[in-house]
Amino acid sequence: MNIGILLKEGPYNHQASDTAYKFAEAAIAMGHKVDAVFLYNDGVTNVTRLMDPPQDDRHIARRWGELSKNHGVEVLACIAASKRRGISDEVLVEGSGITGLGTLTDIVIRNDRLVIFGD
Amino acid sequence: MNIGILLKEGPYNHQASDTAYKFAEAAIAMGHKVDAVFLYNDGVTNVTRLMDPPQDDRHIARRWGELSKNHGVEVLACIAASKRRGISDEVLVEGSGITGLGTLTDIVIRNDRLVIFGD
Amino acid sequence: MADDNIRKIMHVMRRAPHGTIYTYEGLEMILIMAAYEQDISVVFIGDGVYALKKGQDTTGIGIKGFAKTFMALDGYDVEKLYVDRVSLEERGLTEGDLLVDVEVMDASEIGRLMTEQDAVIHH
Amino acid sequence: MADDNIRKIMHVMRRAPHGTIYTYEGLEMILIMAAYEQDISVVFIGDGVYALKKGQDTTGIGIKGFAKTFMALDGYDVEKLYVDRVSLEERGLTEGDLLVDVEVMDASEIGRLMTEQDAVIHH
Amino acid sequence: MLHTINKSPFETSTMETCSRFLQPGDAVLFIEDGVYAAQEGNRFSADIRSIMEKSNVYALRPDLEARGIDRITEGIGVVDYQGFVSLVEEHQVNSWF
Amino acid sequence: MLHTINKSPFETSTMETCSRFLQPGDAVLFIEDGVYAAQEGNRFSADIRSIMEKSNVYALRPDLEARGIDRITEGIGVVDYQGFVSLVEEHQVNSWF
């Protein structure tokens with residue numbers, strides 16, 4: 001099964017980001033393809049490399065970047081939503097990118113499922 | 001009357017930031033002192049100068065910066081909340097700063113009111 | 001599927017406008033997906049029906065209004081606008097309070113349409 | 001006021017833990033304000049009472065747990081912990097389900113305490 | 001004490017919860033999506049009237065206008081941002097989300 | 001169709017709203033704060049049982065454990081993240097917030 005994920009909330013403040021990650025991990029472990037994680041609304045703030053959580057906490061941006069590198073998952077923030085919230089190439093974590101809503105449309109077209117996490 | 005404001009949500013995604021701003025503006029127009037706007041939770045993302053909303057939209061970070069400059073309002077983001085969300089000196093809009101929760105305690109102590117905006 | 005690049009995508013407006021950005025950014029998503037010629041429907045459930053309320057004037061809150069964009073959906077060939085009957089009624093509203101022509105439907109019928117979609121996106 | 005630098009500050013825990021960060025960051029705020037020797041009370045209303053539920057194990061969701069921090073509040077001289085009776089009862093919980101000793105109170109009494117505060121902060 | 005409520009009573013229990021804690025002399029101000037509570041003839045009119053027995057109830061005009069709410073339950077005061085500030089002068093604040 | 005619900009029924013009307021749209025054969029999965037709905041003996045037990053007449057109902061184990069919910073309304077299936085994925089294999093998804 002090919003899966004696209006839409007993530008609509010930012011990291012730490014809402015569990016949505018954690019649930020999306022755990023879901024993606026489980027799907028990959030079961031042999032499914034997680035094609036892309038598209039970030040919308042406050043979700044775009046998942047990929048700022050400037051986040052610096054406490055040492056004993058998860059680093060959410062880096063975790064998305066590694067998921068991308070290790071499993072070929074595209075991690076993409078919507079450009080319009082990003083501009084409103086101060087997410088730009090300047091702060092993107094390695095493994096993530098910025099794109100338009102047309103890409104989300106393509107993600108819907110080329111995958112069997114769109115699974116959405118928000119709050 | 002001396003007023004402290006606590007703002008708990010990020011810009012654009014929640015009206016809280018707009019209501020806080022309009023409230024501060026009205027209080028100043030009525031001759032009150034707005035001592036500080038303290039940013040907590042996702043509220044810290046109000047002061048990233050990297051935000052770049054559409055031309056015909058309000059620029060929320062710059063608006064806070066100008067409120068600070070024109071009316072002596074301290075605009076301060078909590079450091080622990082900022083670190084989680086990728087807000088650092090590197091991206092702060094002019095007129096804002098980063099500080100600890102001890103400062104919020106001082107804001108409560110030295111003002112007649114703490115008015116809170118969130119979602 | 002009739003065309004390999006067309007999907008049935010339902011957008012569900014669930015929130016009141018202005019208090020959060022979800023409705024507005026949802027509308028931006030709908031416009032792009034419509035430009036990509038997807039088979040779009042838009043459903044208004046719960047406080048989502050308030051997005052269509054006539055007479056919204058956002059001057060005072062300093063946020064750009066977008067109610068009129070719903071009136072422009074037609075021009076993007078987004079014509080399937082459904083409103084949940086119970087949501088409308090329990091808010092004391094009628095079709096006459098709404099900015100655009102919609103089809104008022106029972107939840108069971110909307111639920112059936114949901115099962116036919118390739119994707120359902122709540123805003 | 002007895003001391004010019006002490007304020008009565010009530011923290012109101014309103015949200016379930018883990019689904020959002022408000023309870024956790026609220027707790028961080030309480031600890032700092034307690035270190036600044038403010039007159040702190042903590043009230044649990046609505047889903048906020050779930051923050052005190054025994055037996056929370058967050059290993060599976062990959063988020064650090066913080067329920068035990070409530071047990072440490074005592075060491076910071078935060079001793080006024082109040083739980084709204086209706087919130088507890090309608091969730092099918094009793095005091096025995098909670099991690100720490102609290103005073104279960106009626107809403108009217110908590111409402112009266114609210115009016116005595118210099119600041120009330122909902123988390 | 002001034003209680004502000006910014007959530008629609010149709011979607012969350014915030015107003016219902018807040019109302020249990022009101023004290024005589026408290027005031028209630030609906031802001032943001034909270035102003036939907038003030039719309040005349042909706043299913044919360046009775047709750048609002050029962051709140052008004054204890055408290056003065058207000059709604060923020062710019063939020064009403066933004067949402068196209070013109071008919072308001074009788075007895076609710078309508079204030080602008082400066083009226084909000086005046087209420088804060090009179091009362092300590094308790095903001096419910 | 002798989003409906004996911006991530007909100008506590010005590011605080012928002014999400015579960016109540018979702019339940020009106022369920023079709024025969026649909027499944028419901030409670031995740032995040034939604035899992036409080038699954039706790040045995042709370043005031044939503046009757047609503048849950050009425051949902052179960054139409055739909056298979058599940059709750060996400062790691063979210064139950066995180067919240068210390070050990071007694072679950074009878075008939076609710078408990079799944080981990082891989083079980084969540086399996087439900088997504090079987091159904092299109094409809095995520096309610």
Side-chain angles (χ1 to χ4, degrees), chain B residues 5-30 34 37 39-48 50-71 73 75 85 93 95 115-119, chain C residues 11-36 42-73 75-76 78 87 91 93 97 99 120-123:
Chain B
I5 290 176
L6 173 60
L7 173 53
K8 289 164 57 69
E9 293 291 345
Y12 304 106
N13 209 110
H14 302 267
Q15 198 190 342
S17 168
D18 296 285
T19 309
Y21 180 79
K22 291 284 184 183
F23 178 87
E25 236 185 11
I28 290 165
M30 291 168 76
V34 176
V37 177
L39 308 170
Y40 201 52
N41 306 128
D42 271 359
V44 298
T45 60
N46 271 274
V47 285
T48 168
L50 299 180
M51 67 176 66
D52 181 19
Q55 288 289 333
D56 57 348
D57 200 355
R58 66 224 187 272
H59 192 296
I60 288 183
R62 223 171 275 154
R63 197 166 71 172
W64 287 124
E66 280 159 21
L67 193 77
S68 171
K69 204 174 72 182
N70 298 336
H71 302 284
V73 181
V75 178
R85 294 165 179 88
V93 77
V115 188
I116 309 178
F117 299 90
D119 204 9
Chain C
H11 294 268
V12 186
M13 305 319 234
R14 294 265 313 290
R15 322 260 190 156
H18 317 310
T20 56
I21 204 171
Y22 301 107
T23 312
Y24 179 68
E25 289 193 331
L27 210 38
E28 292 193 333
M29 188 185 286
I30 289 167
L31 293 177
I32 300 289
M33 288 187 167
Y36 277 68
V42 187
V43 180
F44 300 83
I45 294 176
D47 275 1
V49 304
Y50 285 133
L52 297 177
K53 178 81 177 62
K54 278 182 185 163
Q56 299 176 46
D57 175 2
T58 59
T59 317
I61 60 171
I63 297 177
K64 215 171 39 157
F66 54 86
K68 295 215 162 97
T69 313
F70 286 106
M71 297 165 77
L73 285 177
Y76 290 83
V78 177
S87 299
R91 283 164 185 76
L93 299 174
D97 293 308
L99 275 165
V120 178
I121 305 176
H122 291 239
H123 296 288

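In what follows, chains carry the letters A, B, and so on, assigned in the order in which the sequence lines appear, proteins first and then strands, with residues in each chain numbered from 1. None of the values given here were measured: they were computed from a predicted structure. These values consider heavy atoms only, across backbone and side chains, with no hydrogens, waters or symmetry-generated copies.
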Select, from D56(B), D119(B), T19(B), the one with the greatest count of heavy-atom pairs under 4.5 Å involving chain C. D56(B)
Can you establish whether the number of heavy atoms outside [X] located under 6.0 Å from its atom [atom1] is more than 12?
| X | atom1 | answer |
| --- | --- | --- |
| R62(B) | CZ | no |
| F66(C) | CZ | yes |
| K69(B) | NZ | no |

Which atom names give the shortest non-hydrogen contact between Q15(B) and H18(C), and what distance separates them? CB-O, 3.4 Å
I63(C) and D18(B) have their tightest heavy-atom pair at CD1-OD2, 3.6 Å
Measuring heavy-atom distances to chain C, does N13(B) have an atom under 4.5 Å in its side chain, in its backbone, in both, or in neither? both
